[in-house]
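Some notes on the structure that comes next.
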Amino acid sequence: MSTLVLAEHDNASLKAATLSAVAAASQMGGDVHVLVAGADCSAAAEAAAAVSGVSKVLVADNAAYEHQLAENVSLLVAELAAGYDNVVAAATSAAKNTLPRVAALLDVAQISEIMSVESADTFKRPIYAGNVIATVQSSDAKKVITVRATSFDAVAAEGGSAAIEAVASVHDAGISTFVGEEVAVSDRPELTAASVVISGGRGMQNGENFKLLDGIADKLNAAIGASRAAVDAGFVPNDMQVGQTGKIVAPELYIAVGISGAIQHLAGMKDSKVIVAINKDEDAPIFQVADYGLVADLFSALPELEAAI
Amino acid sequence: MKVLVAVKRVVDYNVKVRAKADGSDVDLNNVKMAINPFCEIAVEEAVRLKEAGVATEVVAVSVGPKACQEQLRTALALGADRAIQVEVEGSVEPLVVAKLLKGVVEKEAPQLVILGKQSIDGDNNQTGQMLGALTNMAQGTFASEVKVDGDSVNVTREIDGGLQTVKLKLPAIVTTDLRLNEPRYASLPNIMKAKKKPLDVLTADDLGVAISSHVTQLRVEPPAERQAGIKVEDVAQLVDKLKNEAKVIA
């Protein structure tokens, strides 16, 4: 048994999600190798070689892989997959983009966003936005799997000493090119990666009032989210939406402010470790999932909270 | 330019889906069904391309049992010109859907195929990318902006931490994310008109695709229940609990 993990990296460094993917791969048994596909990515490869439990790092260092275009990287991974039983990656936007192409090239299914490894061919994964957990068994000899990073404890980033091996194969499909990138300029962490998220709902009354969340978010290094009701009411843009059709988050601390707790919102945040709800309606369904509920008017509670932390 | 847009019939997003007591499957008896929200955004984008004079024809396609014709009629009411149902029984895996769609792509030769990034039932997020691999087309997944420019398309994509723009040679695949557009509501006259628009039915045999199964669902279960916690008296008590009990803030 052997597993190839596709590394999540930006050429200069290895992203933490890779450590969770290696953890999942280790549970599948056998050797764990990591593929770093990029350009001038030796620093990321060296970081991968130090990861605990990794026995070999493959480096495909070529301009064709610089921006990890799915059309190119999928051809490389599909070729290398010949030597492995499993191809695994953390379910980041890069891997979600690339791995289904790999699976199709190999004529196998992809098992998306597994939460646990039950056996070599059986996994648990959330469906219906996490309202139901399915146990699925793959009949493919070669498995392509993405891993929900929040479900696996990261392996140590240090302590390993894997051999680094260069891969010469260059695949340039020639059908796509990178134009540009706009990485969020906000000092705040990204919604899906933040360890603290504070979200506002319809109770915020308007977009201007979302500024009441800013000071608290700054103090807690939190990302700011919103319920679908707040987005539909035009208070804030769509990309802030937490919920079944928005972003799924599972931070250490989730603070829901003026959010009633519609099913569609709960589906996006109920895996958070600690949930706080602030709402003036004591019967709001959000209190049924909250660890700490505060029945209060948010316009007085928020300034108090900001001052108290 | 012809645009093919794929739609899926799924449980309405407001329905709380539950596992059956025996764990055999989810309980979908008498639940409201709807067009998958991301597919609705795909239809809207295709219709906007037509309204802008970029697309000349919008063809909606759905893979599913006869009931999915309802969602195809919705797509027609939203502005698609004609529809194709690929008739299959039960649920089929993304790889098979991608193979069936490849067959439709070969018949229809669209310049652009727009799909939702994922369906809210299986949450797989695979079909568009798989179709890309099978047809050797480039893909702009999780799109928040689509600009056709001559024989290529620029797609701005929602990636972790920001946006990325890629230029793809046509024909190409686009999968939609939430920010791409806000779908319109179908007007009553358009719903009436949609009933008269052509809807063809194809089978997997017509497309030369064998329905295969690679994954078996052994059981389903509800997620671990969250215990309702406590109500705190005031902000001071809340902060104290967060610091000293939950230890999530310093």
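A, B, ... follow the sequence lines: proteins, then strands. Residue 1 opens every chain.
In this structure, no portion of B:Lys117 lies under 4.5 Å from any heavy atom of chain A. Heavy atoms closer than 4.5 Å to chain A are found in the side chain of B:Glu93, but not in its backbone. The parts of B:Val232 that come within reach of chain A are both its backbone and its side chain, each placing non-hydrogen atoms under 4.5 angstrom from that chain. For chain A, the nearby parts of B:Ile120 are the backbone and the side chain; heavy atoms of each come within less than 4.5 Å. Contact annotation for B:Pro94: neither backbone nor side-chain heavy atoms come within less than 4.5 Å of a heavy atom of chain A. Residue B:Val11 touches chain A through its side chain alone, counting heavy-atom pairs closer than 4.5 Å. In this structure, the portion of A:Thr122 lying under 4.5 Å from any heavy atom of chain B is its side chain and not its backbone. Heavy atoms of B:Tyr13 lying under 4.5 Å from chain A belong to its backbone as well as its side chain. Of the atoms belonging to B:Val17, heavy atoms from both backbone and side chain fall under 4.5 Å from chain A.
Between the side chain of A:Thr135 and the backbone N or O of A:Lys124, no donor-acceptor pair lies under 3.5 Å.
Contact annotation: the side chain of B:Glu45 never approaches that of B:Ile41 to less than 4.5 Å [non-hydrogen atoms, C-beta and beyond]. B:Leu178 is listed as a side-chain neighbour of B:Phe38, based on a closest heavy-atom distance under 4.5 Å. At a threshold of 4.5 Å between non-hydrogen side-chain atoms, the residues B:Asn125 and A:Pro100 do not count as touching.
Contact count versus chain B (heavy atoms, under 4.5 Å) is highest, among A:Asp239, A:Val274, A:Thr98, for A:Asp239. Looking only at heavy-atom pairs under 4.5 Å with chain B, the residue among A:Val136, A:Asn97, A:Asp121 that has the most is A:Asn97. Per-residue counts of heavy-atom pairs under 4.5 Å with chain B were compared for A:Glu304, A:Gln110, A:Gln241; the largest is that of A:Gln110. Counting heavy-atom pairs closer than 4.5 Å to chain B, the top-ranked of the candidates A:Asp107, A:Leu99, A:Ile111 is A:Asp107. Between chain B and the residues A:Thr192, A:Val276, A:Leu220, the largest count of heavy-atom pairs under 4.5 Å involves A:Val276.
Inspection of the B:Thr141 and B:Arg157 side chains reveals an N or O donor paired with an N or O acceptor under 3.5 Å.
Taking the ring pair (Phe, Tyr, Trp, His ring centres under 6.0 Å) definition, one finds that A:Phe299 meets it with nothing, sequence neighbours left out.
Crowding of A:Lys219 atom NZ: a count of heavy atoms from other residues, nucleotides or ligands under 6.0 Å exceeding 12.
Interatomic distance, CG of A:Asp10 versus NE2 of A:His67, reported as 12.0 Å (0.5 Å rounding).
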